[in-house]
Amino acid sequence: MNEAPGHLYTRQEDIARMEALVAQLPDEAVVELRLADGGSITGVVTTRPSMQVFRDRDGHEGFNAVVRIDDHRRPDVTHYLWLDRIASVTPLGSA
């Protein structure tokens, strides 16, 4: 995914929230994600995401991360989600 994140985060509480999400998204976990927009996705985490530093167009640095989820209902669909889009994670087991 070469896309830049829509939002970058520098406040410690925002970074801590995303780090907590990373901890809930281990390799091969089957999860249901509730999204900030009210939607949901159920699938398998292919690889645990990691926080990364990005720069915006103005050169300001901040953090975000992306997670890849292979859709449980549609195996041919892969989702790449920025962590800040995720409202909650419900573990459903492992693949």
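Annotation: ring pair (Phe, Tyr, Trp, His ring centres under 6.0 Å) contacts involving residues 5-33, sequence neighbours excluded, are absent. Pairs passing the ring pair (Phe, Tyr, Trp, His ring centres under 6.0 Å) check and including a residue from residues 29-48, sequence neighbours excluded, do not occur.
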Please set out all donor-acceptor pairs under 3.5 angstrom arising from side-chain atoms of residues 16-25, sequence neighbours excluded.
unit_1, atom_1, unit_2, atom_2, d
R17, NH2, I86, O, 2.3
Q24, NE2, A20, O, 3.3

Under 3.5 Å, which donor-acceptor pairs link side chains of residues 31-46 to any protein atom two or more places apart or in another chain?
unit_1, atom_1, unit_2, atom_2, d
E32, OE2, R34, NH2, 3.0
D37, OD1, G39, N, 2.9

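Cluster annotation: L81 and M51 are assigned to the same hydrophobic cluster (Ile/Leu/Val/Met/Phe/Trp/Tyr, side-chain heavy-atom contacts under 4.5 Å, transitive).
The structure places CD1 of I15 at 10.0 Å from CG of N64, a figure rounded to the nearest 0.5 Å.
In terms of the side-chain hydrogen bond (donor to acceptor under 3.5 Å, both in side chains) criterion, residue partners of D70 (sequence neighbours excluded) are, by chain and number, R68, T78. Residues satisfying the side-chain hydrogen bond (donor to acceptor under 3.5 Å, both in side chains) criterion with R74, sequence neighbours excluded, are D71.
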Notebook entry, point to check: Would L8 and F63 count as a side chain to side chain contact (heavy atoms under 4.5 Å, CB included) if you check the C-alpha gap in whole Å, the side-chain angles of each, and the deciding distance to 0.1 Å?
Noted result: CA-CA 5 Å; L8 297 177; F63 291 88; over 6 Å; no
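When every heavy atom of S50 is checked against every heavy atom of A65, the shortest pair comes out as O-CB, 3.3 Å.
Heavy-atom contacts from other residues, nucleotides or ligands closer than 6.0 Å to NE2 of H72 number 12 or fewer.
Put simply, the side chain of D56 gets close to the backbone of D58: a donor and an acceptor are under 3.5 Å apart.
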